Novice: 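Got a structure for you, questions after.
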Amino acid sequence: MDSAALRKKFLDFFAARGHAAVPSSSLIPDDPSVLLTTAGMQQFKKYYTNPEMADRDFGSRNTVSIQKSFRTSDIDEVGDGRHLTFFEMMGNFSFGGYFKKEAITYAFDFLTKEMGLAISYVTIFQGKEGISVPKDEESARIWRSLGITDIREEGMDDVFWGPTGASGPCGPTTEIYCKNSAGEDIEVWNIVFNEFFCSGSREELLAGNATLEPLATKGIDTGMGLERLAMCVQGKNDIFETDLYAPLMDLVPSDFTDTQKRVIADHARAAVFLLADGVRPSNKDREYVLRRLLRRAIVMHDVRPLIERTIEQYGPTYPELVREKDSIVSAYSDEREKFMKTLRHGLKEMERMPSGDAKAAFHLYESFGLPYEVIKDYDGGKRAIHLTREQFDEEFKKHQEVSRAGSSAKFGGHGLYMKTGEVTIRDESEVEKVTRLHTATHLLHAGLRAVLGPEVRQDGSDITVERTRFDFRFPRKVTPEEIKKVEDWVNDAIRHDYQVKWEEMPCEEGIQKGALGFFREKYPPRVKIYTMHDPASGEIVSCEFCGGPHVQHTAEVGKFKIVKEEASSAGVRRIRAVVE
Ligand code: GLY
């Protein structure tokens, strides 16, 4: 049975039992407290507390749907053959139409009679005193009456659903496990008995900071992943062998590992569905989730063929993919281009990296925001064969210790601080911005000296994603005309697109070269010197001690603007500037 037949069987089975078929809602939920749609019940949440609205909206208190769903919680598990980010969630729902007996019997009949599967075992809620929810004896009785004897008791973590969002319906669940072709037990279906309304979020409930009130009308909410069902019915070992994924997997070159192939296929497919619902890659919330998926895939492979194949394959079921085809493909291409540009610097460094050198890998992370997985997977994993997560984390720890001690991170007067794991890619565009601001700061320093004279001495600097702040010794206020001249000088240097080069050398040699530094800091014995020089006149435009990173050509800095000039302390002026 192919996936199209499975979808149809499911919808027909429940339609024949009085359920109204409701189309999937968007992956962008109505509920602002939820990032993405994670389950079929989300679009039905309000009906559990207002069942009469279901009569009005669906002509029934029972519905069935196949919902586009996305779970960020599983993102790091993708690659193991069982976990996905995006998936299709089949579900039947009831808002007072029926309860445990019917819900369990429907699931039993659908799996054993329609799908021809054997149930390995089921789970039920073991009860929890603190929240006064008793053990689910009733479900156990119903399962036994259907001939299921392997009934396992589990707790809050596994068999108590919800609520989704800031508050909402929730309750104990019973899960059904079937075998895949390798004989492993796979959870295929989860049946939730919505008996309570929770006053707070799930986290608040688990922490004892929310209360449960019995719902006036008890409800049913179920979820069965189409991909897992297909794996069991089609006799496959993992979901990537099913007809939902095999055509995408075939488009990934065969020299990639299975894990890499799965990540590429999952991420490309998920990105298509997010793009079709209007999400665009950016640096926060769901936009960031999309960016992370795309960049993780792109660093391994140009996934455009998979993007196109997903649209072709899923278009008949999800017409929005066909409708949005052009915008999906162009958003992908834009993001790829942007990412490749950011990567260019990093990749150059990576090429020079001895494989397995954790120090070099950490340098890439620190300077270019390339996370461990990206470094590891770059070029099909050929570069960093021996690099391990442990070594990388070890470097990370060392760096944190050094930062805390306050030495290397402030090297050059403006250290670049990166954050840890999860937020890394989020910071990639920030790294790009900060990199541009670093170079702008060198040009500002040089411009101030060109306009105000060589007595200008750096007294400190601080760079954030928004702006650079530069302190320098100078005995008087800088006039608006002088500010304008400095600004023009810097923009002129940017327009000339000078090359930015660096060399490592002994500290003494840097000093002899006349490189500008911030000598309140103690420099290490070997230093990096960044220079920009004008090939036409042969003059040095800027030469400074600095840990970097910097752009490679000044034109990358963009438009430079001084936004404020003020006194910082006696004899010290402070300038704030931005790049656009
Ligand atoms: N809402 C039930 C589930 O997603 O498992």
Side-chain angles (χ1 to χ4, degrees), residues 7 10 14 19 22 24-27 29-31 33-49 54 62-75 77 82-95 97-100 102-104 106-108 110-111 119 122-125 133 136 139 154-178 185-198 201-202 205 215 218-232 239 270 273:
R7 288 194 196 95
F10 185 77
F14 283 99
H19 292 66
V22 179
S24 171
S25 64
S26 166
L27 280 168
D30 290 335
D31 182 348
S33 66
V34 184
L35 202 62
L36 288 161
T37 300
T38 58
M41 63 83 66
Q42 267 162 267
Q43 70 163 321
F44 300 120
K45 209 166 145 178
K46 61 177 184 260
Y47 301 107
Y48 290 100
T49 40
N62 310 323
T63 61
V64 60
S65 72
I66 301 179
Q67 174 66 47
K68 298 182 282 187
S69 304
F70 192 105
R71 292 193 179 167
T72 49
S73 54
D74 290 341
I75 213 161
E77 315 288 333
R82 250 190 249 177
H83 288 88
L84 296 168
T85 53
F86 170 83
F87 60 101
E88 292 175 82
M89 178 76 108
M90 306 164 117
N92 54 297
F93 308 88
S94 186
F95 323 107
Y98 58 85
F99 202 48
K100 291 189 182 177
E102 294 86 343
I104 291 176
Y106 287 153
F108 177 84
F110 183 78
L111 289 176
I119 292 174
V122 300
T123 60
I124 60 149
F125 188 57
V133 182
D136 189 1
S139 292
E154 286 184 354
M156 286 298 287
D157 286 348
D158 298 298
V159 290
F160 193 95
W161 170 269
T164 55
S167 64
C170 62
T173 85
T174 180
E175 302 165 320
I176 307 172
Y177 286 74
C178 295
D185 290 317
I186 309 292
E187 181 203 336
V188 291
W189 207 335
N190 185 26
I191 301 169
V192 184
F193 307 116
N194 272 327
E195 297 180 63
F196 305 102
F197 188 89
C198 179
S201 66
R202 183 171 173 88
L205 176 66
L215 278 172
K218 291 176 179 173
I220 290 294
D221 151 28
T222 87
M224 170 161 61
L226 171 63
E227 293 79 358
R228 288 190 184 185
L229 178 69
M231 162 169 61
C232 295
I239 44 195
F273 277 92

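Remember, it's a predicted structure, so these values are computed and weren't measured experimentally. In what follows, every heavy atom counts, from backbone to side chain, and hydrogens, waters and symmetry copies are set aside. First listed ligand is number 1; within each ligand, the first listed atom is number 1. The first residue in the sequence is number 1, and the count goes up from there.
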Novice: Just to be sure I'm reading this right: ignoring hydrogens, which of Trp189, Phe44, Trp161 gets closest to atom 3 (C) of ligand 1? Compare them by their nearest heavy atoms.
Specialist: Trp161
Novice: Is any side-chain heavy atom of Phe44 closer than 4.5 Å to one of Asp221?
Specialist: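 When only atoms from C-beta onward are counted, Phe44 and Asp221 do not touch, as no gap falls below 4.5 Å.
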Novice: Give me the one residue out of Tyr98, Phe10, Phe110 that meets ring pair (Phe, Tyr, Trp, His ring centres under 6.0 Å) with His19.
Specialist: Tyr98
Novice: Considering residues, nucleotides and ligands other than Lys218, do more than 12 of their heavy atoms fall under 6.0 Å from its NZ?
Specialist: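 At most 12 heavy atoms, drawn from other residues, nucleotides or ligands, come within 6.0 Å of this atom.
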Novice: So which heavy atom in the protein is nearest atom 1 (N) of ligand 1, and how far is it from that ligand atom?
Specialist: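 Protein heavy atom with the smallest distance to atom 1 (N) of ligand 1: Asp221 OD2, 2.9 Å.
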Novice: At a 4.0 Å cut-off, with the gap strictly under it, does some heavy atom of Glu175 reach an atom of ligand 1?
Specialist: no
Novice: Please report which non-hydrogen protein atom sits nearest to atom 5 (O) of ligand 1, along with the residue it belongs to and the distance in Å to one decimal place.
Specialist: Asn190 ND2, 2.9 Å
Novice: Short list, please: which atoms of ligand 1 are under 4.0 Å from a heavy atom of Ala39?
Specialist: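 Those of ligand 1 that fall under 4.0 Å from Ala39 are 1 (N), 4 (O).
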Novice: Atom 4 (O) of ligand 1: which protein heavy atom is closest, and how many Å away?
Specialist: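 Scanning the protein heavy atoms, the shortest distance from atom 4 (O) of ligand 1 goes to Met89 CE, 2.9 Å.
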Novice: Are any non-hydrogen side-chain atoms of Arg202 and Pro163 less than 4.5 angstrom apart?
Specialist: yes
Novice: When you compare ligand 1 with Thr222, is there at least one nitrogen or oxygen pair between them that comes in under 3.5 angstrom?
Specialist: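 Between Thr222 and ligand 1, no N or O pair is found under 3.5 Å apart.
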Novice: Can a salt bridge be assigned to the pair Asp136 and Lys100 using a cut-off of 4.0 Å between side-chain N and carboxylate O?
Specialist: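 Judged by the 4.0 Å cut-off on N to carboxylate O distance, Asp136 and Lys100 do form a salt bridge.
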Novice: When the ring planes of Trp189 and Phe14 are compared, do they come out parallel, tilted or perpendicular, using 30° and 60° as the limits?
Specialist: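 Because their plane-to-plane angle is over 60°, the rings of Trp189 and Phe14 count as perpendicular.
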Novice: In ligand 1, which numbered atoms sit nearer than 4.0 Å to a non-hydrogen atom of Val192?
Specialist: 2 (C)
